[in-house]
Amino acid sequence: MTIRVIIVDDQAMVRAGFAALLSAQADIDVVGEAPDGRQGVQVSRTVHPDVVLMDVRMPEMDGLTAARELLSPPPGVVHRPKVLMLTTFDIDDYVYEALRAGASGFLLKDAPPADLIAAVRVVASGEALLAPSVTRRLIADFVQQRPAPRKDPSLRLKGLTPRETEVLELIARGLSNQEIAGHLVLAEQTVKTHIGRVLAKLDLRDRAQAVIFAYEAGLVRPGDSD
């Protein structure tokens, strides 16, 4: 199945470069682009992409606001694409908020071309782009700096079984399904089942939100070893 992608970035050369790179892949089709978040939302709701590559800082409407509009659409709007944020390290605060809003991850704009292609495929498949340890440390830093949520998320952990709690902790540490299976000596399909139950019980969209939840609940703390 072909992955439909739109590129939202205020730099025309960036859009053109990403479009050329992705369009050259047999399984990826660039179906639209936009120079700001507002137009990006309009294009997305017109062409219904699978993945939106979203820059963070743009005129008219920034990427964070646009991501929120796409991932929490008004009544009557059914389509919700996966959102992959494009950023640099000096604006990580926006990235953290985007992840909380439901974005599936982020990618540095100077990442190697192969990483961009892989990221689109990973996000399109329903996974979150959170494996690199630098990403986990980044999220941990922002959770540590922020006040605790009004509703204590640790209370929601009580609804999980011990095994589900263990799986959530390993997700937060950045382990893949295969690595979790090896660590717990389980079949990979069993791990997928546990993850599905964790997301359903905690009302989380994907692994990205699961990682953030685990930090905010105190299940994993900043500075913990991988």
Side-chain angles (χ1 to χ4, degrees), residues 1-12 14-15 18-19 22 28-87 91-107 109 119-130 139 142-143 146-147 149-151 153 156 159 195-213 215-217:
M1 181 180 294
T2 301
I3 303 169
R4 295 165 55 83
V5 177
I6 69 170
I7 302 166
V8 185
D9 194 292
D10 61 336
Q11 298 182 46
V14 171
R15 296 197 307 272
F18 285 175
L22 295 173
I28 299 176
D29 186 12
V30 178
V31 296
E33 60 177 65
D36 60 65
R38 191 178 308 282
Q39 292 186 50
V41 171
Q42 295 172 349
V43 171
S44 178
R45 289 180 178 162
T46 299
V47 302
H48 293 176
D50 300 304
V51 176
V52 176
L53 287 179
M54 182 78 74
D55 189 20
V56 174
R57 285 184 174 175
M58 294 180 289
E60 297 296 327
M61 179 186 287
D62 62 44
L64 174 57
T65 303
R68 285 175 174 155
E69 289 208 11
L70 290 176
L71 297 168
S72 299
V77 177
V78 177
H79 179 254
R80 294 188 186 186
K82 304 292 184 182
V83 176
L84 178 61
M85 306 301 296
L86 299 169
T87 187
I91 46 177
D92 290 334
D93 193 16
Y94 290 96
V95 175
Y96 176 83
E97 293 297 340
L99 289 173
R100 293 197 64 177
S104 294
F106 72 89
L107 188 71
K109 295 180 77 171
V120 168
R121 290 171 176 156
V122 166
V123 169
S125 72
E127 296 290 333
L129 194 69
L130 290 172
I139 295 173
F142 279 103
V143 172
R146 292 168 183 274
R150 293 179 182 177
K151 185 176 180 180
R156 291 163 64 188
I195 292 174
R197 289 173 179 166
V198 168
L199 297 180
K201 286 184 177 181
L202 299 178
D203 193 26
L204 302 173
R205 185 189 304 274
D206 57 22
R207 295 170 82 108
Q209 290 194 332
V211 171
I212 292 170
F213 177 91
Y215 277 108
E216 292 187 332

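Bear in mind the structure is a predicted one, so any value in this text is a computation, not a measurement.
In this structure, P49 and P81 approach most closely via the heavy-atom pair O-CB, 3.5 Å. Across all non-hydrogen atoms, the minimal contact from V56 to M85 is CG2-CE, 3.8 Å. The two residues G32 and V43 have their closest heavy-atom pair at CA-CG1, 4.3 Å. Between I7 and A19, the shortest heavy-atom distance links the atoms CD1-N, 3.4 Å. Of all non-hydrogen atoms in S44 and V52, the two that sit nearest each other are OG-CG2, 4.1 Å. The two residues L84 and A119 make their nearest non-hydrogen contact at CD2-CB, 3.7 Å.
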Check your understanding: Can you check side chain to side chain contact (heavy atoms under 4.5 Å, CB included) on V31 and I6, steps first, answer last?
Key -> CA-CA 6 Å; V31 296; I6 69 170; 3.7 Å; yes
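The CG atom of L204 sits 6.5 Å away from atom CZ of F213, with the distance rounded to the nearest 0.5 Å. Interatomic distance, T65 OG1 to E60 CD, rounded to the nearest 0.5 Å: 12.0 Å. Taken to the nearest 0.5 Å, the CG atom of L53 stands 14.5 Å off from the NZ atom of K82. If you take CG on D29 and CG on D50, they are separated by 10.0 Å, rounding to the nearest 0.5 Å. Atom CD1 in I3 sits 5.0 Å away from atom CD1 in I28 (nearest 0.5 Å).
You'll find the side chain of R80 reaches within 4.5 Å of the side chain of P73, heavy atoms only. The closest side-chain heavy-atom distance from M54 to L70 is below 4.5 Å. Contact of the F18 side chain with the L86 side chain is registered, since non-hydrogen atoms from C-beta on lie closer than 4.5 Å.
Judged as a ring pair (Phe, Tyr, Trp, His ring centres under 6.0 Å), the pairs with a partner in residues 45-64 (not counting sequence neighbours) are, in order, H48-H79. Screening residues 37-48 for salt bridge (Lys or Arg N to Asp or Glu O under 4.0 Å), with sequence neighbours left out, gives no hits.
With sequence neighbours excluded, no residue forms a side-chain hydrogen bond (donor to acceptor under 3.5 Å, both in side chains) with R4. The salt bridge (charged side-chain N to carboxylate O under 4.0 Å, His left out) search around K109 returns D9, D55, not counting sequence neighbours. Judged as a salt bridge (charged side-chain N to carboxylate O under 4.0 Å, His left out), and not counting sequence neighbours, the contacts of R68 are E97. Take E69 and apply the salt bridge (charged side-chain N to carboxylate O under 4.0 Å, His left out) test, not counting sequence neighbours, and it matches no residue.
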